[in-house]
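Got a structure for you, questions after.
Atoms within each ligand, like the ligands themselves, are counted from 1 in listed order. It should be emphasised that the depicted structure is a prediction, and the values quoted were computed from it without experimental measurement.
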Amino acid sequence: MNVTELFASNVFNDEVMKNLLPKEVYKSLRKTVDEGAPLDNAIASAVANAMKDWAISKGATHYTHWFQPLTNLTAEKHDSFIEPSGDKVIMQLTGKNLIVGEPDASSFPSGGARETSAARGYTAWDPTSPAFVKEGTLYIPTVFVSYTGETLDKKAPLLKSMTALDTQTKRLLKLFGIECKKVSTTVGPEQEYFLIDEEVYLQRKDLVLTGRTLLGAPSARGQELEDHYFGSLKTRISDYMRDLDETLWSYGIYAKTKHNEVAPAQHELAPIFTTSNVAVDHNQLTMELMKKVAKKHDLVCLLHEKPFEGVNGSGKHNNWSLSTDAGLNLLDPGSNPENNTLFMLVLACVLAAVDRYQGILRASVASAGNDHRLGANEAPPAIISVYLGDQLGAIVDSIVLGKQYVPKKAVPGSIGVPESPIFPIDTTDRNRTSPFAFTGNKFEFRMLGSQASVADPNIVLNTIAAQLFSEAVETLAGAKDFAKACKDYTEKLLKKHYRIIFNYNGYGPEWEPEAERRGLLNNKTTADAVPEFFKQENIDVFVKQGVYTEREVVARAKISLENYIKTIEVEARTLIEMAKRDIYPAVNGYIAEVCSVIAAKRAVSEKIVCDADEELAQRLAMLNDGMAAAVKKLEGDLLEIPAGEGAASQKMAHVIVPDMEAVRTLSDAMEQLCSADYWPYPTYTEIMYSVK
Ligand code: ADP
Ligand code: MG
């Protein structure tokens, strides 16, 4: 296989457009893509025609406006290219078909941003993300808006947040005498996932209906031995990964790194970064293809944040940076960051943004699934803090605390093996426990859930950075001594927001009380995190930066709570069904068998001991009875969910979830006592070690 030929072979990318479009059309389109110039409608039909011909040559018969409604999935409605022409048909894609579509919007969540009676929603072409052909259909990336212009998707606000950051960064750069055409944010999302055998998967109702195991006693072998991480790949897994890489490459996705992760059956895929908008589209497509390719290998790809209790969950690391079209990365400290006024100012602004808006940054990654990672029994905590590393940490300390800063240069190192080469040792080590870590020339936001769209946190990141940049511009513009004004402002921001920096172990027990002392937020559940979006100062930042209207912010927060409530309802109902219909009768069946053993022994002779049998029957009967009572309580509480997202989500977080935990604890205890012949579901061992 020739990878360079395969790469992007399904994509209507720049090279294809250059070849197929008339010169003027191509130039005009490039201007829109590169500089954000408004799309010239006149070129639409030429582009549409070329796109259609190209798609047909790739085997396409249909096209779809591909969009990202307020679920974490993508949506598509396929139309064929056919148009009647006499007795025959011709294949057509008009300019209008390319630019706008009108799917019925009434069944997508809108959080009150659109009345159901006013179902009209429009999709509009996003020329900044390339179209592609998949399974016989031309996919046209689009934004999704209501009849009244409210955004109903995740792409429109992402694009608006990128525009806001572009605008404000250019203003800031101008003060430094740097002119550029465009500033783009870049994202590289590292994606974690589990792979299990399909046959085992289908026997677990909870996995099928909710994506995670709602019960299951721990396997005798979890991740204690730490031997899975970076371990050699099993053949079935490496075959899958190879197939997946090739599929992703054909769609122009820069799949780069793959390896085993910490938990058994857990793996990771990391692409090379690209502009945020394309990175988000690519990540959506990646998640979809990960599942599809798995099916071909009789595997199931679990993208849930916590498929199994007691071993690591899955997240996404959102590597985020911003750079100019000339290639200047604003988060690159250079070799003398202490004297790099622009970098230090940008750094201070980002720190200030993360501190001031920590509530919405946390809320942007909140979901029922992610609640099992952030702030739950296992690390990481739900507190936002920033890791700067030794070098920047020391510079910031020198500014804030007046400590002397001794520049630390990358020194040539050797690993002490004579044959091994000399290599420069990085100026900072890595800290894997920080939710927001500086990693050389970018920040790595590590709180994202594995199945969520990466759009949400990037919308927030771009918006809050834009806000702080605009404040810097307003303060510094017209300063008499610009360099001094910059330094003073940087110092002021760093002093004010110093509390957000935490360079130590974020998973350690000391951090939570310390964070509380610093006044940092620690919203452990979605129900507690999302209401941050309702605070006026948080609404204001979106409105000021032109990313959301007030109504849109509120609508989205409500949808996020609604999703949370519904997810937990489905989980609770699934658990009830499993407990009542499968586990309770199975355990009773086993108790009956144990009792008949006791009776049989007694019938033969009083001398045959039955102590263990009696103890077992008694213990199981008590546990099963206890579970029935716990299920009853859960059912009762489910009947009393109050109206309104606020109250309902609180009830879910603080009553229903603990109720479910109670059922699980009893069930898991029984699983460990019940005969394997009777237990109705594959165990953790059978699931996590299902791929041979
Ligand atoms: P790890 O975090 O596993 O050590 P790296 O730090 O090498 O891995 O890279 C992780 C991700 O960060 C990759 O997807 C990479 O493409 C991305 N990345 C590198 N530079 C940037 C940048 N300037 N902007 C955004 N993402 C970047
Ligand atoms: Mg990482």
### Query
Which part of Glu190 is near ligand 1, with near meaning a heavy atom under 4.0 Å away: side chain, backbone, both or neither?
side chain
### Message
Under a 4.0 Å threshold between the charged nitrogen and the carboxylate oxygen, would Asp456 count as salt-bridged to Arg556?
### Response
no
### Query
Has ligand 1 got any nitrogen or oxygen that is less than 3.5 angstrom from a nitrogen or oxygen of Asn319?
yes
### Message
Measuring centre to centre across the rings, with the benzene-like ring taken for any Trp, is His228 within less than 6.0 Å of His267?
### Response
yes
### Message
Can you name the atoms of ligand 1, numbered from 1 with element, that are less than 4.0 Å from a heavy atom of Pro271?
### Response
13 (C), 14 (O), 16 (O)
### Message
Please list, in number order, the atoms of ligand 1 under 4.0 Å from a heavy atom of Asn329.
### Response
23 (N)
### Query
Which ligand 1 atoms does Glu444 reach within 4.0 Å, using its non-hydrogen atoms?
2 (O)
### Message
Checking Asn72 against Gln451: is there a side-chain donor and acceptor pair closer than 3.5 Å?
### Response
no
### Message
Is a donor from one side chain sitting under 3.5 angstrom from an acceptor on the other, for Thr526 and Asp371?
### Response
yes
### Query
Is there at least one pair of N or O atoms, one from Phe273 and one from ligand 1, spaced under 3.5 Å apart?
yes
### Query
Counting each atom of ligand 1 from 1 as listed, which ones have a heavy atom of Ile272 under 4.0 Å away?
16 (O)
### Message
Assess whether a salt bridge exists between Asp14 and Lys18, defined as any Lys/Arg side-chain N lying under 4.0 Å from an Asp/Glu carboxylate O.
### Response
no
### Query
So, Lys442 versus Thr439: side-chain donor-acceptor pair below 3.5 Å or not?
yes
### Message
Within ligand 1, which atoms have a heavy atom of Ser321 less than 4.0 Å away?
### Response
22 (C), 23 (N), 24 (N)
